[in-house]
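Have a look at the structure below, then the notes.
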Amino acid sequence: MIRTRFAPSPTGFLHIGGARTALFAWAYARRHGGSFILRIEDTDVARSTPAAVQAILDGMEWLGLGYDEGPYYQMQRMDRYKEVIQQMLSAGTAYHCYTSADELEKMREEQRARNEKPRYDGLWRPEEGKALPRPPAGVLAAVRFRNPTEGVVSWHDLVKGPIAIANAELDDFVIARGDGTPTYNFCVVVDDWDMNISHVIRGDDHVNNTPRQINIFKALGAPLPLYGHLSMILGDDGQKLSKRHGAVSVMQYEEEGYLPEAVLNYLARLGWSHGDEETFTMEQFCAWFDLDHITASAAQFNTEKLNWLNAHYLKQADDSRLAAATVRRLERQGIDAAGFPGLPRVMALYKERVSNLNELADAAHPFCVALHPSPELLALHLTGPVRGALATLSERFKTVDWQAQDLSLAIKATIAEHGLKMPQLAIPLRVVLLGQPQSPAIDAVLEVLGRERVLERIGRVTG
RNA sequence: GACCCUAUCGUCUAGAGGCCUAGGACAAUACCCUUUCACGGUAUGAACCCGGGUUCGAAUCCCGGUGGGGUCGCCA
């Protein structure tokens with residue numbers, strides 16, 4: 001049984017890198033008929049917030065990444081962690097350490113000054129025939145894992161291949177703080193064990209934690225999961241993403257008018273491939289997804305390609321869905337679009353020309369509410385001959401059959417009569433009707449706008 | 001600094017020793033379509049980091065260098 005998990009810490013929003021990790025873990029479980037588990041790693045009480053938990057849940061919901069189990073919260077599993085720590089203490093695979101945080105910091109500084117790798121010096125580590133110092137009064141002991149000192153820890157990484165790290169590179173890390181709360185590297189192991197996680201798919205930044213975690217698994221006599229480490233996503237500028245540089249919430253993509261299927265498809269292709277396939281549904285993705293075709297090196301985020309994908313999915317999107325999204329977006333700007341019945345047809349007209357929902361809403365705006373063209377624009381386009389032609393056209397519009405073909409004939413008859421070329425009338429007409437010189441085919445615009453609005457808007461400038 | 005990972009067009013990538021005069025996509029450029037702006041279509045330019053091996057043959061395997069990234073917390 002394949003069981004994967006996504007285990008974010010609730011210290012901020014769900015960003016693009018986390019979303020991709022979740023997507024891959026989710027797809028792997030789906031591909032193999034397994035389970036995808038959501039686990040909130042909230043043992044850092046100082047930085048975890050309920051708002052961040054909600055932000056992560058929101059992000060996953062928007063993307064449509066559903067989980068089969070969870071969310072589990074580590075803070076609710078304290079008893080279990082403490083139980084395991086007691087076991088390790090009595091088994092001698094963990095020990096109390098009374099070195100204070102200040103002393104540790106000082107130690108690290110000195111080691112760095114000597115160009116050594118900063119590490120715990122093992123002062124409190126029990127050793128055969130070694131006399132331990134007397135525990136200082138009033139200092140709360142942290143618990144450290146007694147890491148093996150010899151040999152190498154190796155595993156076959158599902159994306160990077162064989163990796164080996166010498167135990168000599170690892171020090172005895174803290175598994176429980178002075179106040180008794182367990183720490184990350186320890187909780188992860190207990191959870192992955194208890195939750196029967198078979199494949200740990202996570203970010204590259206955890207590679208160096210893996211040997212430590214494997215050592216704990218071994219100390220506990222627990223079966224090891226398989227590990228796969230996904231490389232980083234770099235920003236559009238090639239710089240690494242961080243809270244102060246480029247890392248944005250997936251929900252910001254929603255605000256910027258991206259469709260979840262576009263973001264998902266983009267993320268899927270960032271670091272994974274299936275031959276030359278560029279666009280695919282999540283069903284196809286789940287059917288194709290494998291760990292063998294994941295790129296081992298970091299990938300640079302490319303907004304232009306995301307934009308292209310978004311435009312691609314916009315073209316395929318259902319008109320009524322787009323209309324609903326447009327109404328919501330215009331409402332945020334205080335514009336009532338729900339009252340305009342032609343909105344779905346406006347969507348059909350514009351969804352092939354824009355690359356996001358905000359542009360679509362901007363395009364729909366003048367259909368719902370008359371925009372008054374600027375005096376400059378009117379002066380530029382409404383010359384004497386054009387005014388005359390518009391008056392003629394307006395007359396024809398009063399009686400014409402209101403459909404694109406007939407509207408087009410009315411325009412053609414009018415330009416012939418006034419000796420104009422098509423653009424000479426079509427462009428001013430666009431300005432009058434929509435407040436801007438560009439639009440889809442003018443007959444289609446007229447048809448969707450409706451006789452009443454058209455006559456009213458022409459009348460406003462000619463009358 | 002130490003350790004670990006990594007390296008194909010500007011970007012995402014295909015590529016598992018001969019199929020590669022290196023393929024696709026985004027972006028760029030040109031042209032076509034056209035009732036404006038877009039969409040779309042066609043075409044063009046654009047890459048195997050460097051140096052050594054192994055092999056009849058290397059983008060693909062090995063070693064070294066260089067570049068990039070990650071980690072070195074009583075954060076996760």
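None of these values were measured; they are calculated from a predicted model. Here is how names work: the chains are called A, B, and so on, in the same order as the sequence lines, proteins then strands, and each is numbered from 1. Because only heavy atoms are used, hydrogens play no part in the values below, and waters and symmetry mates are left out as well, while side chains stay in.
Within the 4.0 Å cut-off from OP1 or OP2 of G69(B), not a single side-chain nitrogen or oxygen of Ser231(A) is found. Contact annotation: Thr183(A) does not reach the phosphate of C74(B) (side-chain N/O to OP1 or OP2, under 4.0 Å). Taking side-chain N and O atoms only, Arg108(A) has a distance below 4.0 Å to OP1 or OP2 of C74(B). Considering only side-chain N and O atoms, Lys315(A) lies under 4.0 angstrom from the phosphate OP1 or OP2 of G40(B). Put simply, Arg114(A) has no side-chain N or O that comes within less than 4.0 Å of OP1 or OP2 on G1(B). Between Thr295(A) and U13(B) there is a side-chain polar atom (N or O) within less than 4.0 angstrom of OP1 or OP2. Note on Arg177(A): a side-chain N or O is less than 4.0 Å away from OP1 or OP2 of A76(B).
Considering only the side chain of Ser9(A), A76(B) comes nearest among A76(B), G1(B), C74(B). Residue Met422(A) places its side chain closer to U35(B) than to any other of C5(B), G24(B), U35(B). Distance from the side chain of Lys305(A) is smallest for C26(B) among the nucleotides C26(B), G1(B), A14(B). The nucleotide whose nearest atom lies closest to any side-chain atom of Arg269(A) is, among G70(B), U6(B), C12(B), C12(B). When each of U36(B), A76(B), U35(B) is scored by its nearest atom to the side-chain atoms of Thr43(A), the top-ranked nucleotide is A76(B). Nearest to the side chain of His206(A), among C12(B), A76(B), U36(B), sits A76(B). Listed nucleotides C4(B), U36(B), G1(B) differ in distance to Lys117(A); the shortest reach to its side chain belongs to G1(B). Of the candidates U71(B), U35(B), U36(B), U71(B) carries the atom nearest the Asn208(A) side chain, counting heavy atoms from C-beta on. Comparing atom distances between the Ile163(A) side chain and each of C4(B), C39(B), U35(B) picks out C4(B) as nearest.
Without hydrogens or angle criteria, Ser48(A) side chain to Asp44(A) main chain gives a donor-acceptor distance under 3.5 Å. Although no hydrogens or angles enter the test, the distance criterion places no donor-acceptor pair under 3.5 Å between the side chain of Arg39(A) and the main chain of Pro8(A). Formation of a donor-acceptor pair under 3.5 Å by the Asn310(A) side chain with backbone atoms of Gly257(A) is found in this model. For the pair Asp172(A) (side chain) and Asn147(A) (backbone), a donor-acceptor distance under 3.5 Å is present. No donor-acceptor pair under 3.5 Å is formed between the side chain of Ser273(A) and the backbone N or O of Arg269(A).
Between Trp308(A) atom CH2 and U11(B) atom C1' the separation is 14 Å, expressed in whole Å. If you measure from atom CG of Leu314(A) to atom P of A38(B), you get 17 Å, rounded to the nearest angstrom. In this entry the distance linking NZ of Lys160(A) with P of C5(B) reads 9 Å, nearest Å. The interatomic distance linking His312(A) (NE2) with C26(B) (P) rounds to 11 Å, in whole Å. Counting to the nearest Å, the C1' atom of G73(B) and the CZ atom of Arg47(A) are 10 Å from each other. Distance, Leu234(A) CG to A7(B) P: 14 Å, rounded to whole Å. For Asn302(A) and U11(B), the CG to C1' distance is 5 Å, given to the nearest whole Å. In this structure, the CH2 atom of Trp124(A) is 16 Å from the P atom of C74(B), given to the nearest Å.
If you check every strand for non-hydrogen atoms under 4.0 Å, Ala176(A) touches nothing. At a threshold of 4.0 angstrom between heavy atoms, the contacts of Ser408(A) include nucleobase atoms, whether or not backbone atoms are also involved. Base contact: Ala441(A) has a heavy atom under 4.0 Å from a base atom. Contact annotation for Ile442(A): base contact, defined as any heavy-atom pair under 4.0 Å involving a base atom. Counting non-hydrogen atoms under 4.0 angstrom, Asp443(A) reaches a base of the nucleic acid. Across all strands shown, Asp292(A) has no heavy atoms under 4.0 Å from either base or sugar-phosphate atoms. Using a 4.0 Å heavy-atom distance criterion, Glu41(A) is classed as a sugar-phosphate-only contact. Looking at heavy-atom distances under 4.0 Å, Leu104(A) makes contact with a base.
The ring of Phe24(A) has its center no closer than 6.0 angstrom to the ring center of Phe6(A).
A cation-pi arrangement is not found for Arg212(A) relative to Phe145(A), the charged atom failing to lie both closer than 6.0 Å to the ring centre and inside a 45° cone about the ring normal.
In the model, Asp204(A) has no side-chain atom that pairs as donor or acceptor with a side-chain atom of His229(A) under 3.5 Å.
Atom P of G18(B) sits at a distance of 11 Å from the matching atom of A58(B), rounded to the whole Å. Look at the C1' atom in both A46(B) and G70(B): the space between them is 31 Å, to the nearest Å. Nucleotides G53(B) and A47(B) are separated by 24 Å at their C1' atoms, to the nearest Å. Only the C1' atoms considered, A14(B) is 6 Å distant from G23(B), to the nearest whole Å.
Shown here, C31(B) is classed anti by the O4'-C1'-N9-C4 or O4'-C1'-N1-C2 angle, which is more than 90° from 0.
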